[in-house]
Amino acid sequence: QVQLVESGGGLVQAGGSLRLSCAASGSIFSINTMGWYRQAPGKRRELVASLTRGGKTDYADSSKGRFTIFRDNTQNTLYLQMHDLKPEDTAVYYCKGEHDDGYTDYWGQGTQVTVSS
């Protein structure tokens, strides 16, 4: 089992920055890819950015140039640095870990990000 705990969300004005953290514990050696997803009210959960064990990153078009995903292996923590935030970035942000088996996913409880105009 893997446990994921997000933190760092909050209220920020448009143009501001936030850094989200996802602390992982448990059988983290079994995780191949980790990612950040978000879900706004009335909308489907969507990928924001992902990072594979090998270091490959993938970003949603809306995230490119503004968000950076990275990790600190010494702290078993995944981060999402967000700059130039926009009101449309308002959502609950979730951390996800994908198991090596290809079908087991682990999710955190989410952290709220609210961007005011």
How long is the span from the SG atom in C22 to the CH2 atom in W107, to the nearest 0.5 Å? 11.0 Å
The test is side chain to side chain contact (heavy atoms under 4.5 Å, CB included); show your working for L20 and M82 and say whether it passes. CA-CA 8 Å; L20 306 183; M82 304 185 292; 3.8 Å; yes
Might you point out which heavy atoms bring I31 and T33 nearest each other, and give the distance in Å? CG2-O, 3.6 Å
Within a strict 4.5 Å, meaning less than it, do heavy atoms of the L80 and R19 side chains meet? no
Do any N or O atoms from the side chain of S50 and from the backbone of G35 form a donor-acceptor pair under 3.5 angstrom? no
Straight-line distance of K64 NZ to D58 CG, nearest 0.5 Å: 7.0 Å
Can you find a pair of side-chain heavy atoms, one from L11 and one from V113, that are under 4.5 Å apart? no
Apply salt bridge (charged side-chain N to carboxylate O under 4.0 Å, His left out) to D84 and K86, showing your working. CA-CA 6 Å; D84 189 24; K86 307 176 186 298; 3.6 Å; yes
Looking at Y79, does the NZ or CZ of R71 lie under 6.0 angstrom from its six-membered ring centre and within 45 degrees of the ring axis? no
Going by side chain to side chain contact (heavy atoms under 4.5 Å, CB included), name the residues that satisfy it together with V12, two or more places apart in sequence or in a different chain. L18, L85, V115
E98 side chain to N32 backbone, donor-acceptor under 3.5 Å: no
Let me confirm one number: the CD-OG distance from Q3 to S27, rounded to the nearest 0.5 Å. 8.0 Å
According to a hydrophobic-cluster definition based on side-chain heavy atoms being under 4.5 Å apart (Ile, Leu, Val, Met, Phe, Trp, Tyr only), do V92 and W36 belong together? no
The reported gap from CG in N76 to OG in S25 (rounded to nearest 0.5 angstrom) is 8.5 Å
Is it true that a side-chain atom of Q39 and a backbone atom of E46 form a donor plus acceptor pair closer than 3.5 Å? no
Side-chain donor/acceptor of R53 to backbone N/O of F29, under 3.5 Å: yes
Say you draw a straight line from CG of D105 to CG of L4; how long is it, rounded to the nearest 0.5 Å? 10.5 Å
Are the side chain of E6 and the backbone N or O of C95 linked by a donor-acceptor pair below 3.5 Å? yes
Counting only N and O atoms by type, is there a donor-acceptor contact under 3.5 Å from the side chain of R45 to the main-chain atoms of Y37? no
When every non-hydrogen atom of A14 is compared with those of P87, the smallest separation belongs to CB-CD, 4.2 Å
Can you find a pair of side-chain heavy atoms, one from L51 and one from L78, that are under 4.5 Å apart? yes
Is the shortest side-chain heavy-atom distance between T114 and Q112 below 4.5 Å? yes
Which residues satisfy the side chain to side chain contact (heavy atoms under 4.5 Å, CB included) test with S63, sequence neighbours excluded? V48, Y59, A60, F67
How long is the span from the OG atom in S62 to the CG atom in D89, to the nearest 0.5 Å? 7.0 Å
